[in-house]
Novice: 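My structure is below; once you've seen it, I'll send some questions.
Chain A is the first sequence line, chain B the second, and so forth, proteins listed ahead of strands; every chain is numbered from 1.
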There are 2 protein chains.
Amino acid sequence: MTSIKEIAKLAEVSVGTASFVLNGKGDQMRISEATQRRVIEVAKSLGYRPNISARRLRSGGEKVVPVLAVLWTLDTRASLVSRFLNGIQDHFINQTREFELLIQPYESSKIDKIKSLITGTRFNGAIIANASERDQHYLENAEINVPIVLYHRNSKKYSTVSIDNYKNGMMVADLFANRGHQQIGMVIPNVSSQAVHLRKEGFLDGARSSNIQVSPKHIIFENYSEEGGYQAAKKLVENGNLPSALFFLGDQMAIGALAAFHEMGVSVPQDIEIMGHDNYGQTRFSIPSLSTVHLPVEDMAARCVDLMLDLIEHKVKAPVSTIYDTSIVIRKSCGDFLDKNESSKGD
Amino acid sequence: MTSIKEIAKLAEVSVGTASFVLNGKGDQMRISEATQRRVIEVAKSLGYRPNISARRLRSGGEKVVPVLAVLWTLDTRASLVSRFLNGIQDHFINQTREFELLIQPYESSKIDKIKSLITGTRFNGAIIANASERDQHYLENAEINVPIVLYHRNSKKYSTVSIDNYKNGMMVADLFANRGHQQIGMVIPNVSSQAVHLRKEGFLDGARSSNIQVSPKHIIFENYSEEGGYQAAKKLVENGNLPSALFFLGDQMAIGALAAFHEMGVSVPQDIEIMGHDNYGQTRFSIPSLSTVHLPVEDMAARCVDLMLDLIEHKVKAPVSTIYDTSIVIRKSCGDFLDKNESSKGD
DNA sequence: CTGAAAGCGCTAACAG
DNA sequence: CTGTTAGCGCTTTCAG
């Protein structure tokens, strides 16, 4: 890295002068135009870029606020980051504690590449989202140097903010059972995720205990996207012998499936009932509107930040785990069954 | 801020010792357990938090990469950030130049609150998105100290990455004209935005030059969200006298409108044709699928980063402006008119 | 008009 | 086992 010293040397001025010129205070300090030009020329030719750590350290007058990193994966789930950010942002406004947000993208299963988790040279704390099973394994064993909050995961070692995914899966299976379904299916995003895994197990166990069939043919793995859902639905229809109810482990996939069913002349909910998971904004406006499991992302995000700040300020001893309650949101894609039972638990 | 010095003084050890303990190197350095406990105790009680600027400056061995801030508004458009990030991330992978991403949320029209634009103590460059007209005014006049790239805006002073919004509006009006529409309308998000403004003007001018009516009754301002679009559609239907084609200046709004029309028994595209703007992921899967103007967000985002890095490295002289081409994506909500004309310009 | 030097908070090498 | 100290890159005060 070129430093201001080298600039000064090459331009044959002192570092002080170079600093003034580079910060646009040349005129104010009445540095001769020739000198200024010389300094700027040298800086440009060397590709000088100020070291903001140094600058910040020096000018530290402006209160130093904690730096909070959100580690988010680069995969399709990237589109979910906005809801998370929204949660943080809303909170951010009604919040006196200041902090700085750093979004650190990482490649799924390669969180070990983020060296600053060890060195602690970039942030005061990290909120980790979408950790794969391999990432979790790494985290459990590594010598991490900054406080960590895991979003939507369980852990003995770290603080977490999560929901009971197993219960959620079960809830949906129970619901299908109560609606009298005999053949039900599930569409699963092909990502490595503890949350998805638990949801799946819960659903299968729930079906089992209600004596409902979940034929292997009716369990589809696909990409975590609208397109993935679209393909899943197509596959199911083409296989023939549709289940009468389908649980999508992500709303986006359900949205894609609605389009596919529509195209292929399969009516929702008459021919097949559909349940999503997450309760994303658009699901209220799909046709038909999508029944789904409400995931309180915004609240969870806010909680992650609060917890993180507490951790950073040593106000709390790690690990703390917060489990959020979820609820089923009933819309048109899964019929109106409130009169039949009270399965909608939680809030 | 509590510094390591104070900790050391209170714990009656030297800063060196305190540093070792606080970094978990106590055992390695064979610091007595009692001392370690004492140091940690003091640090906790003082709410000690390491100054990462200092830490980073010191341990600067790990190559210093430029810090690139993305300033994004806190309003509803927050949900668009994911697509932008995706663009950056995809690029990020196939890119040798390293950088660090900092997402800095700001409140629309209050960009002047971001002091680091002036002090330059947090990032080496800023990509500013969603600048309101007031924000732009501020930027044009302020003494900004870091390189800036404006996303989706025009400017004489700064580098920009944008599209020709005026032309886009016009393109859609022409298209409606070619399809033989006589009464057309427009739904506008109520945000202060140069881009939205230009799109609107283009559309109106286009309609005028084709002698088509855009009755004031058919221009609706609503929130930039699915809900806003839903309300807009409802308003229009309730007013009676629907236009035969509607341009939504944002896809999300169009998605909401589709739901409203469906509920109220208005068929799309038979009773009314609909055109969105942006080409978001879900639009391919709406029912009917949404015709829309493709906004190359991902490419633009990548370009913003490239341009920014060039600017930071002085490889390029500001201001540089890049205009991206757009194209109309034809789907079911606006009928299949390719046989009738060739209005789909650009790529 | 320009140079010298202090010092921001921290780490790590060196000296006990 | 612990203390002392140099120095990371930068800004800014003070002296010329």
Side-chain angles (χ1 to χ4, degrees), chain A residues 1-9 11-39 43 46 48-67 116 118-124 145-146, chain B residues 1-9 11-39 43 46 48-67 116 118-124 145-146:
Chain A
M1 265 313 301
T2 356
S3 78
I4 205 170
K5 259 190 201 162
E6 301 178 48
I7 310 266
K9 200 190 297 175
E12 297 177 305
V13 295
S14 72
V15 284
T17 307
S19 173
F20 286 134
V21 173
L22 262 12
N23 288 304
K25 297 191 184 154
D27 291 341
Q28 193 180 318
M29 289 292 152
R30 320 205 317 169
I31 312 262
S32 76
E33 207 184 317
T35 310
Q36 293 207 40
R37 235 200 324 268
R38 205 154 16 98
V39 171
L46 263 53
Y48 171 71
R49 161 166 49 84
N51 178 321
I52 60 153
S53 297
R55 192 178 258 181
R56 207 167 168 186
L57 176 58
R58 169 64 224 215
S59 329
E62 40 162 349
K63 173 174 44 196
V64 182
V65 302
V67 180
S116 17
I118 308 282
T119 61
T121 49
R122 290 164 27 133
F123 36 77
N124 296 99
N145 227 330
V146 296
Chain B
M1 266 315 298
T2 356
S3 80
I4 204 171
K5 259 190 201 161
E6 302 178 48
I7 311 266
K9 199 189 299 174
E12 297 177 305
V13 296
S14 73
V15 285
T17 307
S19 174
F20 286 134
V21 173
L22 262 11
N23 286 307
K25 297 190 184 156
D27 291 341
Q28 193 179 319
M29 288 295 152
R30 321 206 313 169
I31 311 264
S32 77
E33 205 185 317
T35 311
Q36 293 207 40
R37 234 201 323 270
R38 202 152 21 97
V39 171
L46 263 52
Y48 171 71
R49 159 165 50 84
N51 178 322
I52 61 155
S53 297
R55 191 179 259 182
R56 205 168 169 185
L57 176 59
R58 169 64 223 215
S59 328
E62 39 161 351
K63 177 172 42 200
V64 181
V65 303
V67 180
S116 18
I118 308 283
T119 61
T121 48
R122 289 164 27 135
F123 36 77
N124 296 100
N145 228 331
V146 296

Novice: Does any part of the side chain of A:V21, heavy atoms only, come nearer than 4.5 Å to the side chain of A:R38, both counted from C-beta?
Specialist: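 A side-chain contact is absent here, since even the closest heavy-atom pair is not under 4.5 Å.
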Novice: Among D:dC10, D:dT5, C:dC10, find the nucleotide with the atom closest to the side chain of B:V15.
Specialist: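 Selected nucleotide (nearest to the side chain): D:dT5.
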Novice: Please report the C-alpha distance between A:E33 and A:R37 in whole Å, then the side-chain angles of each, then the deciding distance to 0.1 Å, and finally whether the side chain to side chain contact (heavy atoms under 4.5 Å, CB included) criterion is met.
Specialist: CA-CA 6 Å; A:E33 207 184 317; A:R37 235 200 324 268; 3.4 Å; yes
Novice: Quick one, A:R56 and B:L57 - any side-chain contact, counting heavy atoms below 4.5 Å?
Specialist: no
Novice: Under 4.0 Å from OP1 or OP2 of C:dA4: is there any side-chain N or O of A:S14 that close?
Specialist: no
Novice: D:dT11 phosphate, OP1 or OP2: any side-chain N/O from A:N23 under 4.0 angstrom?
Specialist: yes
Novice: Would one find a side-chain N or O of B:Y48 under 4.0 angstrom from OP1 or OP2 of C:dC10?
Specialist: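 True: B:Y48 side-chain N/O within range (under 4.0 Å) of C:dC10 OP1/OP2.
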Novice: Using a heavy-atom cut-off of under 4.0 Å over every strand shown, decide if B:V13 touches base, sugar-phosphate, or nothing.
Specialist: sugar-phosphate
Novice: Phosphate oxygens OP1/OP2 of D:dC8: is one of them under 4.0 Å from a side-chain N or O of B:R56?
Specialist: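 No, outside the criterion.
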Novice: What's the closest nucleotide to the side chain of A:R58 if the choices are C:dC10, D:dC10, D:dT2?
Specialist: D:dC10
Novice: Indicate, with a heavy-atom threshold strictly under 4.0 Å, whether A:T35 touches base, sugar-phosphate, or nothing.
Specialist: sugar-phosphate
Novice: Within this structure, what is the CD1-OG1 distance for the pair A:I52 and B:T119, rounded to the nearest 0.5 Å?
Specialist: 10.0 Å
Novice: Over all strands shown, is B:E12 touching base, sugar-phosphate only, or nothing at heavy-atom distances under 4.0 angstrom?
Specialist: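 If one applies the 4.0 Å heavy-atom cut-off, B:E12 turns out to touch the sugar-phosphate alone, with no base involved.
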Novice: Does B:A54 or B:S32 map to a spot on DNA chain D nearer the 5' end, using the closest nucleotide for each?
Specialist: B:S32
Novice: Of all the nucleotides listed (C:dA12, C:dC10, D:dG9), which has the minimum atom distance to the side chain of B:F20?
Specialist: C:dA12
Novice: Taking the minimum atom-to-atom distance to the side chain of B:K25, which one of D:dT2, D:dC10, C:dA12 wins?
Specialist: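 Closest nucleotide to the B:K25 side chain: C:dA12.
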Novice: Scan A:S19 against the nucleic acid and name what it touches under 4.0 Å (heavy atoms): base, sugar-phosphate only, or nothing.
Specialist: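 Base: the residue A:S19, judged by heavy atoms under 4.0 Å, touches a nucleobase.
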Novice: Given atom CZ of B:R55 and atom P of C:dT11, what is their separation to the nearest angstrom?
Specialist: 5 Å
Novice: With rounding to the nearest 0.5 angstrom, report the CZ to CD distance, A:F20 to A:Q36.
Specialist: 11.5 Å
Novice: Between C:dC8, D:dC10, C:dC1, which one does the side chain of B:K5 approach most closely?
Specialist: C:dC8
Novice: Could you state the CZ-P distance from A:R30 to C:dT2, rounded to the nearest angstrom?
Specialist: 11 Å
